[in-house]
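Here the structure comes first, spelled out in structure tokens, and everything after it is commentary.
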Amino acid sequence: MIPIEHYIIFSSMLLVIGLMIILIKRNAIMILAGVELILNAANINLVAFSQNDPSLSGQMMTLFVIVVAVAESAVALAIVYQIYRHQGISNIDELNELKG
Amino acid sequence: MSMSSLNEQIQAIIGDFGVLLPEATLIVGSFILIILQLIFKDKAGATKVTFSLFLLGLISLAVSYSSVSGEYFGGLISITPVVGLAKPFFIVVTGFVLLFPKGEDLLKRGEYHFLLLMILLGAMLLIQVNNLLLFYLTLELISITSYILINFNFDRKGFEAGIKYLLFGAMASGLMLYGMSLMYGLAGSLDLIAIGDLISNGQSSGLWLPLALMLFFIGIWFKLALAPMHIWSPDAYEAGPTPVVAYISIVPKVAVLIFFAQFVSTTQLNAIDFDWKMIFSGLAIVSMFVGNLSALNQSNAKRMMAYSSIAHSGMLIIGLIVGDSFGLQAMLFYAIVYAVMNLGAFYLIDLFQKAGFEEIKDLAGLGRKSPWLGVFVVVIMIALAGLPPTGGFTAKLLMFTALWEYYQSEGYQYLIWLFGLGLLNTAISLFFYLKIPYYMFVYPSESEKNIKFSLKDGTIVAVVVFIVLLSFFKADLLLNVLNQFNFAL
Amino acid sequence: MVMDHLLSWLVFVPLIAAVVMLTIPQSQGHLYKWVALGALGIVTILSLVLVFSFNQGIAGYGADSLQFTKQLDWINLNVGSFGSLLIQYYVGVDGLSLALVLLSAIVLFIGVISSWNIKKNVQGYFLLYMVLSTSVIGCFVALDFFLFYLFFEFMLLPMYFLIGIWGGKRRAYASIKFFIYTLIGSLLILMVMIGLSLSVVQGPDSTVHTFDIMKMMNPENYLPGSLLALDFDGQLLGLTYRAWAFILLIVGFAIKLPAVPVHTWLPDAHVEAPTPISVVLAGILLKIGGYGFYRIGYTIFPDGAIEYGWWIALFGVIAIIYAAFVAMAQADLKRLIAYSSVSHMGFVMLGMASLTVEGNAGALFQMFSHGIISALLFLMSGVLYDRTGDRMIANYSGLAGKMPLFCVAVILSFFAALGLPGFSGFIAEFLVLIGAFDGAINGSVVDTFMPVLGLLGLVLGAAYFLWTIQRMFFGKFWVREESWQLPDLNARELIMIIPLVILALFFGIFPGLLLDLANETVMGFVEYVNTQGHQNLELINAAVR
Amino acid sequence: MEGIDLNIIAFYILAGFSVFSALGILFAKNVVHAVFLLVLVFLGIAGVFIISNAEFVGVTQIMIYIGGVLILMMFGIMLTHRIDGKRLESENRSVLIATLLGFGLLGILFYPIKAGFPLFDFGSNEETGFTVTEQIGIHLMTTELIALEVTAVLLLMALVGAAYLAGLNLKKKGVNDTD
Amino acid sequence: MENILLYIILFAPLVSAALSYFLTKKWAGETLVGFSLLVLLAAIMAWFKQPVSSGFELDWILAGNQNFSIGLYYDQLAGIMTIVVAIVALLVAIFSMEYMKHDGGQPRYFAMLGLFAFSMYGIVLASNLLLTFVFWELVGFSSYLLIGFWFEKDAPPISSFKAFLMNKVGDIGFLLGIFILYAFFKTLNIQELIGLDPVNAAIPNGLLIALGIGLFLAAVGKSAQFPLQTWLPDAMTGPTPVSALIHAATMVAAGVYLMVRVFPMLAPEVLTVIGIVGGITAFMGAFAAFAQNDIKKILAFSTVSQLGYMIMAVGAGFPVAAFIHLTTHAFFKAGLFLCSGSIIHYYHETNHTAGFDPQDIRNMGGLKKVLPFTFMAFTLCMLSLAGLPLFSGFLSKEMILNGLVSADHLPSFVLVFGFASVFMTAAYMARLYFKVFFNQQVAGEKYAEAVSVKVPLLTLSSLSIGFVFSMNPLSPDDSWLLSVLTSYKGIGIADHFVWVPILSIGLALSGLIFSYLYIERKMLSGLVSGVKSLTYNLSNRNFYLDDIYDVAFVSGSKTLAKAAYWWDQKVVDRVVNLMGKTQVVLAYLIGWFDRRIVDGGVRLVTWLVNFAGNRTRQVQGGNLQNYLAWAVFGVLLIFYFFELMT
């Protein structure tokens, strides 16, 4: 049996890396990638914890999370696409018309 | 898990579907709207509005038939008395939003109706879920819909706000999800009751449970726009279409508040040896300060209202901090009054924007040209500030009364700070709430522009003002309505 | 029917007038002021009826000594397990409030005459004025804390707009400053109100929480163990909650009064406000602060009155001296008068804190008298401002030759203000100081040095007023701009000034007419505060130890 | 049990692989490279899922993430970047702050992890007679039915919304700002 | 209507004031004269009809069970005082009709005089200290108005301002005294208080002294005693009849009257203080009079000095003596002032040279011929003031000096001051007398004084003759005043010292001669040179005398007078002015403090709030990733806070 803590270490590393990607990368799509990493980190936890769960809630949840992630990405990419089309910008930090 | 038990389970589920009649109606209706959109394209706005309103009527009918308290779907859904109050409330707010003056352009788009209804669906579901997975899904339903709707001005600012809102929300929900995954690992189930068992068993889980809860709270804070997760809201509010902003400043917030109240009671969060109330109190104070202070120098009315709503969120969660039935009652009272005055404020802002007034200072001298409009603005603004004789005052009074009472029984020192600083914030907030009437009355007019104030606008605003006043002068009416619901969650 | 609901009529006649004004089209603009005048005329008559049908002989202080009471349930907030919050429409008068009601009616009436020449947005002006009138009178007759608070807060907005729209150059700054100051004061009051309503119930076994001030007097109505109950043993930062509540209340009302050091809104507000609004502000609004001390602070917390009376008196004395000095340094006539108001209101604090009958009677009398006299003073500055648009003392000299009537009026009002015997101000200040001294000698909470310093305030008052007369009215005639037209007082101004002078003289010569109205109440009040206060203190000290 | 050992070894290899790939994203200069690295991360995670008794999830991961999300992202990149080299570079910003915050978060997690995770005791894993995939199917139609419905609606909504947003250029009206 | 006479005395002047201001403007003077006559008649009738120690009390202020009543009280003291006031007031009113005949402000003038008379009678008749105080302030007020009557000139407004303010300082003491009395005895009725014997009652000694000092301070202000005396000379900027009535005869004497009234309440320590202050005032006033060239100022300083005498007498423990001096002084000093008024009026009427100062004695001379009637009256009054036998001043002054000698609680320098002042009084009056009436420099045509000038002068000068007050004008003990005042409690007749009248007469005579020689020196030296050969010795001695006179006395005393005046103007007045200025400076400082610190603090808070607002807004910089960083940072902060807590 793999110790559960190792799963958590694994997931937390992905979590941190995801967070750092979000904060570091200027590209909107890369930020989205960071978000996906965070979601995957949570998924790893869910799967790991549900190994012994007879009701498999964790795994079920993972499936839904994946679906939601897709939906979210789709919307995000639609917006990114529009922004690029209208302003030629794909770096998120160039968007700063709204402030104060 | 045997086949027979499976059968029973399915039978039970099918039987239970009755309670989701409003939601089902909503889903079906919204599909029809999509179809209408496919037929009419971007025309026939009136038909779509009529249909939407009709649909809302149907849903409320359905609500009145199906709101029976109890647990359904094996505990996944639990209908508490509050739900019976909250659902009609959401429906009314949705209906109101459809009447916004500048919404006509939006209302021609079937997608707009559809998305609004999706938020309504999410909110209606959110307040009755009893399970983290469903919570996550409904919350995401609301969130993603909001992300899309914020773009509906279809301009640069709109898209900018949209992506900012989305990425911020995505990160928040990611962190929340991580917290939820940890909670699942600790409790062994996604049901809230399981977490309750975990807490009430009293076995120490070290730092894990608090950590999980805190990560989980991030999502809640995000939806409530509480500091430090408030930063998205000014941008989104400024750029989003006014009706949408009005909508997402009320419905998702109230839904999350109600869910959280249920969360607290189901998971017996008060029993945990971790002073989450202190953290919430701190956040409430910080939110009020951040909201009110930042609003001081805003020149854009909608942005100002965004900060105002951050501050109001800080007020609203006082009800959660108090947590007893009095507190929840006060919170709901506050929420309803806040909804009314916020809708009124946004309605007026929409009216101004329609007439081409973008900045607050453009409003100079307007109050002298249209005194009635000026009076309405004054009433709504002082209501938002929480001065008598408006419902805003009664709401604040009840909220602080509840807080005081809680302090009296518990004696936590931070509560008295919350009390005092909360009141102090009322004073700060006046600076900017009075800015609008101030410009309208005190400053001389510079332009010839005036507001076309149609009968419909007049009636709607007058009704809002009337309710705001009524909820002061006969506050017991509203409170008695609230009293009909049992708040012992 | 009118007699049955006399107080309600008093309060709501201006509001009815406001509604009537709404129905008058803008084209009939000249009617507004007549409506306002009529309404306040009715109010004045009603208040006179009230005074004459008031029974002076009812002794004691408390619910039983109130007259013309009306008590109706208004809002009953039922909040489940906790019980319910009962807000009542509860009005009544006793000796404390009667004179102030009369004062309000008079000053408001004069204020309308003074507003006769308002040109800008007449409808709005008089509407707000009527609303202000209602809330002012309401404040004085309300006996339910919530009702009082409602009227108290509701004064702010009309005042804000009246200064902000019809004011002078820096009106924006002044109005917002006024608003914020007063609002902070009222928030402090709100805090205490919430606490009180939670601690006080209708009766010993009731769960109906009440805002009734008279109920709040009785320690038995406090829920045992509630924060503001006498037997509550908890403390916050070393003070009992009752002490905190008292301090908050006093600070809240002190802002309104205003006391040093929270007075700085007043000069600004006055300088920017139009003349009639200055008149109303100084004449009545400040009195609400003083009245709040009485009706709310001292009545509900007699223990605080005894424990912190010394400090209140001290701040009163500081206000007297300090504001007099500041007044002396002013270059603007209206600012000078504003600071003199601060100085005079210091006497109210001193007299009240002395906890002697003389001192309290004097403080009440001072409120009335200052109401009349400050109205007069602000009318004076208004007369000048109307003619030249300038109020700088240094810009005038030797006006007495050009405007003899005006000069007479100024001399009379200035001497009235500096406490010349024969005018009401003297009686008030004399009573306050003698009461304070008597109290100091005979073991009340004040010290001897306070009335003695107060005496010094009298000299300072004489100094700055006379200096002003000397600078502005005597000597050779000179004004800054030769083009200034300086006609003497006209009939309208005389109509305002003469009654006020006569009133100041009349009550200076026959103070008994006013003092007798309040005498029994004041005696009851002092007796109540002293006995109940000491009782309460004993209980509190026993609980805390 | 050699199989388990193998599983364990595979876990560490896959986990390490994923983490390194994720780090690779962090340091990658080229957006396309980063996306490919993301594929590797997801593959590794899918592998972990599979050895963690969640084959169905693992497969879903591969299919939806790699087949869906990543393709979407590639589309996105291609649509939003001119393929002329420079624009494909993914620039970094405020690395220091991000690192500090990242380590801050790690610091939060450090002590709890050190103390061990009190996993809920699910009891012995009794045989139900269904495979995991079958069980998932059953759950989807019973306990998670509502979730399924909600997800369906959510997907529809996202579809409508995303399509609407992405396809806005087809409508001349509505786009107020086309500069 | 048993007290109808008192009502008439009190209210008739007020009625006349109202009438002359509002109704009978054209006959304002006649109105006042008529009413003053009525008052005088009433006062005389009251002397005979009104029972002694009668009066009445009315409720005025009822505070709780405490009644601050007001009322009138009539006894011999009040009786004499009313008659004195009534006489002087009547005569001044008559005089004013001539004096003010060209002034446009007559209604105002006579109304104010009426108001003053009303207030003065109020002080005299008031039965309790509260009412006394009320009228006390009112006389101050009317005095303020009358001093500043010519408000368009530069000096009068300032003088009136100063006068009122200094009086106000004194009034504080009065109020303090009232407070102390009330706090212990709960009554302010003078007779009741005397009955309660405050000096021996259970009052802490400090408060007893404070009480006395307080009441005395009132007298210091009103009666222009050291150190508040400087307002009185300044007050001479008012019309001269006003000076005669208010600043010589009546109002300034009110302080003395009050002291006499409350004498039984004064503690021994207080009496010592009173005596010392009186002595200093008498001496300083007399000295300062030397250096004046303004005729009215000389008389004003003389008044200060004489008031000092009265106060000294009170301090010595002989209030009756003070009161009698008050009475006699009222007549002869009013007479002197009216004489000066007559002179000034003469110059006003005849000399219209621009810049001519009709009050400067250097411009005067030889008026004996021009104004013979005035000269006669002035002579009588002056001799009375100088304290020569057969004149009223002698009687009262002897009583005071005897009292001073017999009072052993006063330091001896007071006595020295007393006697020195006798000499100086005679000397400065003679200086004035000879300069104005004899010097030949400026002589004009004989000028006929109007009847309305003559009548007052005649009356007042005849009232300065000793026979009026005592059948034996050489012994004050035989004065009928003393006999009627026997019922007064503070009575005390000093022992007789034979040397006292001798010394005092000697001093007074030498003072007269001294000045005579000095002023008339030039004339004398001419005479001397004519008979030089005949009486070389005399001449020699004369020369010798002149020398001594010049060196030892004249320049010496002149220097001293200058010094005294300098002290008065530069030190006392400066100190008072400095206090005033300090007050103004302090006011500006506090004003600055109020604006910058108190209000500044508020503005600082506002600024800080705004500043904080802008900082919280800065978080919202528009960059999403900064938002995220902030959010994460905030969340981490909470986490760490929490983790540190547990």
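Values reported hereafter were calculated over all heavy atoms of this structure, with side chains retained and with hydrogens, waters and symmetry mates removed.
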Do [X] and [Y] make a side-chain contact, defined as non-hydrogen atoms from C-beta onward lying under 4.5 Å apart?
X	Y	value
E:Lys186	C:Asn442	yes
E:Tyr182	C:Asp438	yes
C:Val452	E:Ile172	no
E:Phe68	C:Phe430	yes
C:Lys476	E:Glu152	no

If you measure from [atom1] on [X] to [atom2] on [Y], what distance do you get to the nearest 0.5 Å?
X	Y	atom1	atom2	answer
C:Gln470	E:Phe164	CD	CZ	14.0 Å
C:Arg471	E:Ile158	CZ	CD1	12.0 Å
E:Asp171	C:Leu458	CG	CG	9.5 Å
C:Asn519	E:Asn65	CG	CG	7.5 Å
C:Phe415	E:Leu145	CZ	CG	6.0 Å
C:Leu514	E:Ile61	CG	CD1	11.5 Å

In terms of heavy-atom pairs under 4.5 Å, which option from [options] contacts chain E the most?
options	value
C:Phe510, C:Phe473, C:Tyr339	C:Tyr339
C:Pro511, C:Gly398, C:Gly512	C:Pro511
C:Val262, C:Val357, C:Ile434	C:Ile434

Considering only heavy atoms and a distance below 4.5 Å, find which of [options] pairs most often with chain C.
options	value
E:Leu175, E:Leu207, E:Val585	E:Leu175
E:Phe179, E:Trp136, E:Tyr144, E:Trp150	E:Phe179
E:Asp154, E:Leu130, E:Leu589	E:Leu130

Shortest non-hydrogen contact between [X] and [Y], atoms and distance:
X	Y	value
E:Ala183	C:Phe437	CB-CD2, 4.1 Å
C:Ala400	E:Phe151	CB-CE1, 3.4 Å
E:Ala63	C:Leu431	CB-CD2, 4.4 Å
C:Leu420	E:Glu137	CD1-O, 3.9 Å

Side chain, backbone, both or neither: which part of E:Phe135 has a heavy atom under 4.5 Å from chain C?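 Neither the backbone nor the side chain of E:Phe135 comes within 4.5 Å of chain C.
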Using non-hydrogen atoms only, which part of E:Leu188 is less than 4.5 Å away from chain C: side chain, backbone, both, or neither?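 For E:Leu188, the contact with chain C is made by the side chain alone.
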Where on C:Leu433 is there a heavy atom nearer than 4.5 Å to chain E: the side chain, the backbone, both, or neither?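 Both parts, heavy atoms under 4.5 Å.
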Side chain / backbone / both / neither for C:Met523 at chain E, heavy atoms under 4.5 Å: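 Only the side chain of C:Met523 comes within 4.5 Å of chain E.
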side-chain contact (heavy atoms from CB on, under 4.5 Å) partner of E:Lys168, the single match among C:Val459, C:Leu466, C:Leu460, C:Leu455: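 With E:Lys168 as partner, C:Val459, C:Leu466, C:Leu460, C:Leu455 yield a single side-chain contact (heavy atoms from CB on, under 4.5 Å), made by C:Val459.
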Without swapping roles, check the side chain of E:Trp60 against the backbone of C:Ile509 for a donor-acceptor pair under 3.5 Å.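 Between the backbone of C:Ile509 and the side chain of E:Trp60 there is a qualifying donor-acceptor contact (under 3.5 Å).
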Verdict with supporting geometry, C:Phe426 and E:Phe133, side-chain contact (heavy atoms from CB on, under 4.5 Å): CA-CA 11 Å; C:Phe426 167 72; E:Phe133 182 78; 3.2 Å; yes
